[in-house]
Protein chains: 4
Amino acid sequence: MKNKEEKRELILQAALRNFAEEGFDRATMQNIAKSAGVGKGTTYEYFPSKEALFCEVLLKGISNMVDELTAVLQQPGTVHEKVERLFQKNLEIFRTKSDLRAIMLNNIGKIPADLHRQLMEKQRELLGTMERIFTEAIQADEMVDVPPRIAAAAVLNGLQVIYTYQLEKGETYESVIEHYLKLIFHGLDKR
Amino acid sequence: MKNKEEKRELILQAALRNFAEEGFDRATMQNIAKSAGVGKGTTYEYFPSKEALFCEVLLKGISNMVDELTAVLQQPGTVHEKVERLFQKNLEIFRTKSDLRAIMLNNIGKIPADLHRQLMEKQRELLGTMERIFTEAIQADEMVDVPPRIAAAAVLNGLQVIYTYQLEKGETYESVIEHYLKLIFHGLDKR
Amino acid sequence: MKNKEEKRELILQAALRNFAEEGFDRATMQNIAKSAGVGKGTTYEYFPSKEALFCEVLLKGISNMVDELTAVLQQPGTVHEKVERLFQKNLEIFRTKSDLRAIMLNNIGKIPADLHRQLMEKQRELLGTMERIFTEAIQADEMVDVPPRIAAAAVLNGLQVIYTYQLEKGETYESVIEHYLKLIFHGLDKR
Amino acid sequence: MKNKEEKRELILQAALRNFAEEGFDRATMQNIAKSAGVGKGTTYEYFPSKEALFCEVLLKGISNMVDELTAVLQQPGTVHEKVERLFQKNLEIFRTKSDLRAIMLNNIGKIPADLHRQLMEKQRELLGTMERIFTEAIQADEMVDVPPRIAAAAVLNGLQVIYTYQLEKGETYESVIEHYLKLIFHGLDKR
DNA sequence: TATGAATGAGATTTCATTCAT
DNA sequence: TATGAATGAAATCTCATTCAT
């Protein structure tokens with residue numbers, strides 16, 4: 001017999017898959033339970049409602065993701081190195097956690113205000129970290145003097161390109177990122 | 001008495017509002033009809049199904065939006081001017097067409113394959129226009145030599161910042177855009 | 001412009017076809033009107049309701065059918081000849097008025113009590129005619145002495161065989177009827 | 001608490017009654033559920049759709065009926081005895097299973113092609129049994145030499161008389177059957 | 001008189017949630 | 001604790017009928 005924590009985790013993972021594939025409304029507790037290999041009623045022993053389950057899936061997933069991104073930013077190095085590692089980690093997440101991103105993309109409107117606040121808070125954490133790095137870099141004369149918060153937002157927003165960009169023949173995500181980073185650091189204008 | 005085209009438009013607008021506020025699944029034909037000031041059955045006189053209505057709302061909205069953005073890119077000017085106008089038009093759309101964006105954000109998963117293809121096509125049009133502008137600018141030695149498609153994707157992706165950025169005290173979207181454009185053209189690195 | 005009676009007839013015929021193909025519930029006034037080449041509202045100028053239209057279609061059709069069958073019974077001849085003509089006329093009706101029979105088969109339950117009474121009355125007329133013929137034949141010692149009403153019911157019931165019998169290779173309805181008549185007159189027992 | 005099989009049976013019986021009284025289209029799952037003493041959703045736990053429920057009701061009922069009729073034909077005896085028992089069993093069914101017949105009469109058009117094939121197959125079984133009996137009887141010189149299949153169809157068709165015949169004062173179904181059988185065996189002609 | 005746009009009652013079906021076992 | 005049978009609210013869609021033109 002599995003212990004409680006393991007079964008809880010099983011349900012969370014099954015929910016992640018189902019919400020990703022079907023979206024919040026179309027995913028059913030029935031299927032989530034079946035995916036998890038438990039009875040329908042059992043899910044309600046661990047989570048009080050479908051919405052609560054959804055929230056936990058999302059909060060946990062996003063938190064992990066943000067934590068991973070934050071971690072690479074906090075490793076020592078230049079701004080260049082940090083941003084580059086950020087994009088590489090982002091690619092890794094894109095490749096390994098498609099479920100989470102699918103949920104994010106399709107269910108933003110289903111997120112209760114309460115959870116939304118928590119999620120924004122998490123995101124702001126990452127933005128804050130990025131901003132701090134830029135502030136220091138500006139002070140250290142390591143980069144151009146732009147409002148660091150806007151720069152941080154711009155770079156973080158750039159992480160999304162990978163989710164919409166259609167690879168051309170011969171391109172790899174790695175090569176795209178390489179060019180993308182060049183743009184971020186050099187800009188469009190010639191020097 | 002309104003004529004048929006006007007009533008159709010009325011329903012489309014009511015649907016836009018409802019889909020934006022509730023998402024596809026939660027929005028009900030009942031409410032859309034009430035919003036439009038018509039009976040439930042009447043909506044079915046104009047649109048064969050909820051999905052068909054949804055598709056038309058989306059296709060029409062996105063098409064208009066892309067057309068507007070494309071239009072400003074095609075007015076004469078330097079790359080600088082074009083990209084700047086693009087961001088300003090984007091801000092204008094953001095301020096006037098929040099409903100459409102809300103639908104886009106929350107219902108990607110509900111978009112039928114058929115419509116999805118049409119939408120991607122529209123989006124590719126815009127990307128293509130941007131890419132062509134960059135290609136010419138590179139040939140004219142007006143901008144740095146990066147793969148123009150990637151640059152185009154980067155700039156277009158940048159349009160989304162406005163939808164997530166949280167204004168600080170004293171900031172306006174106009175000032176944010178100003179800094180943002182500076183980043184796009186100059187990059188983070190000092191010269 | 002057609003006159004009123006012609007348009008009425010047009011609607012009745014369209015209704016006959018539609019009720020036959022779809023059954024009472026599935027047939028729609030919309031389609032009936034379209035089949036008749038008139039507007040939806042127009043049908044209501046001629047018939048107060050869907051049910052009323054259905055009743056008139058049925059009553060008219062059955063009345064015609066019974067009248068045709070009655071007519072052949074009233075032509076002079078022996079019992080043999082009359083019953084034989086009855087079956088032949090029945091075959092003719094089967095071949096030319098499949099719509100009416102389709103309605104009869106599938107919509108008995110939809111027939112309002114009021115119409116049902118009228119229909120039974122019509123049927124009883126035919127039964128009565130047949131019964132009278134048998135009564136006379138018995139008195140004339142032309143046929144065996146059985147309760148003429150039961151004999152009449154048996155023969156009339158026999159008319160239905162044609163609607164369920166599946167022809168074998170080489171058989172024709174004509175040949176089936178020939179054997180069938182032999183049975184009616186001679187019975188199963190050897191003599 | 002009833003077990004699953006019993007509840008299933010309860011719903012089937014409620015459906016039988018409702019389909020008989022209202023016809024397929026007018027009968028509602030709501031009412032069927034109420035008749036069965038269960039909730040609306042419960043019916044869908046046992047039958048995937050209204051149509052599936054209808055099919056099962058019909059197939060089960062007809063199968064039972066045909067099996068009962070077949071059984072009496074297979075008991076030993078002369079052709080006379082067999083046909084007589086057939087009519088008596090038919091009367092018994094008529095008296096005890098009016099619901100089923102009502103459905104048959106009023107909903108032929110609602111029967112899905114798939115079920116229709118199964119039903120015809122069942123009916124053909126009975127026709128085949130009857131035909132075989134007649135074939136043997138003819139070979140044994142026990143009855144007149146008519147195509148046995150036609151004779152079988154005629155006799156089986158005769159079973160329906162009971163569903164349309166209106167009893168006169170002083171008549172009973174038993175007496176009607178008695179005369180009817182006489183007709184089948186002796187025919188109308190005098191000897 | 002002829003029309004068809006407008007309507008809303010009503011049907012089937014889904015599924016989150018409860019609760020007896 | 002774990003289960004799944006039972007439930008009914010709610011959503012989409014159909015169509016007879018009305019009525020303004």
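Proteins get letters first, then strands, A, B, ... in listed order; numbering begins at 1 in each.
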### Query
With distance as the sole test, does Lys50(A) use its side chain to make a donor-acceptor pair with the main-chain N or O of Phe24(A) at under 3.5 Å?
yes

### Query
Rounded to whole angstroms, how far apart are CD1 on Ile11(A) and C1' on dT3(F)?
12 Å

### Task
Let me see the working for Glu21(B) and Asp99(B) under side chain to side chain contact (heavy atoms under 4.5 Å, CB included), right down to the final yes or no.
CA-CA 8 Å; Glu21(B) 282 166 22; Asp99(B) 284 345; 5.6 Å; no

### Message
Evaluate Phe19(B) against Leu53(B) for side chain to side chain contact (heavy atoms under 4.5 Å, CB included), listing each step before the verdict.
### Response
CA-CA 10 Å; Phe19(B) 285 136; Leu53(B) 175 56; 4.3 Å; yes

### Task
Start with the C-alpha gap between Tyr163(D) and Arg101(D), add the side-chain angles, then the distance that decides, and say whether side chain to side chain contact (heavy atoms under 4.5 Å, CB included) holds.
CA-CA 9 Å; Tyr163(D) 292 97; Arg101(D) 181 56 63 144; 3.2 Å; yes

### Message
Can you tell me how far apart CD (Gln118(B)) and CG (Leu58(B)) are? Round to the nearest 0.5 Å.
### Response
10.5 Å

Acceptor/donor pairs from residues 8-17 of chain C side chains to any protein atom, 3.5 angstrom cut, sequence neighbours excluded:
unit_1	atom_1	unit_2	atom_2	d
Arg8(C)	NH1	Tyr46(C)	O	3.4
Arg8(C)	NH2	Glu56(C)	OE1	3.1
Arg8(C)	NH2	Glu56(C)	OE2	2.1
Glu9(C)	OE1	Lys60(C)	NZ	2.6
Glu9(C)	OE2	Gln13(C)	NE2	3.2
Glu9(C)	OE2	Lys60(C)	NZ	3.1

### Secondary-structure notation, DNA chain E, from Watson-Crick and G-U pairs under 3.5 angstrom (| other strand)
.||||||||||||||||||||

#### Entry: Neighbour count >12 (heavy atoms, 6.0 Å) for atom CD, Gln123(B)
no

### Task
Figure out the NZ/P separation between Lys110(C) and dA16(F), and round it to whole Å.
13 Å

### Query
Expressed in angstrom and rounded to an integer, what is the separation of Arg8(B) atom CZ from dA5(E) atom P?
13 Å

### Task
Using the side chain to side chain contact (heavy atoms under 4.5 Å, CB included) rule, take His116(C) and Leu119(C) through it: C-alpha gap first, then chi angles, then the decisive distance, then the call.
CA-CA 5 Å; His116(C) 194 254; Leu119(C) 256 27; 5.6 Å; no

#### Entry: side-chain hydrogen bond (donor to acceptor under 3.5 Å, both in side chains) against Asp25(C), all qualifying residues, sequence neighbours excluded
Lys110(C), Arg26(D)

### Message
What is the distance, to the nearest angstrom, from the CG atom on Leu10(D) to the P atom on dA6(F)?
### Response
11 Å

## Note on the structure
Note: contacts of residues 13-35 of chain B with DNA chain E (heavy atom, under 4.0 Å) are none

### Query
Which residue lies toward the 5' end of DNA chain F, Val38(A) or Lys50(C), if each is placed at its nearest nucleotide?
Val38(A)

Quiz: residues 27-39 of chain D side-chain donor-acceptor pairs under 3.5 angstrom, not counting sequence neighbours:
unit_1	atom_1	unit_2	atom_2	d
Thr28(D)	OG1	Asn31(D)	N	3.0
Thr28(D)	OG1	Asn31(D)	ND2	3.4
Ser35(D)	OG	Asn18(D)	ND2	3.0
Ser35(D)	OG	Asn31(D)	O	3.0

### Task
Nearest 0.5 Å please: distance from the CZ atom of Arg117(B) over to the CD1 atom of Ile111(B).
12.5 Å

### Query
Which residues in residues 39-49 of chain B have at least one heavy atom lying under 4.0 Å from any atom of DNA chain E?
Gly39(B), Lys40(B), Gly41(B), Thr42(B), Glu45(B), Tyr46(B)

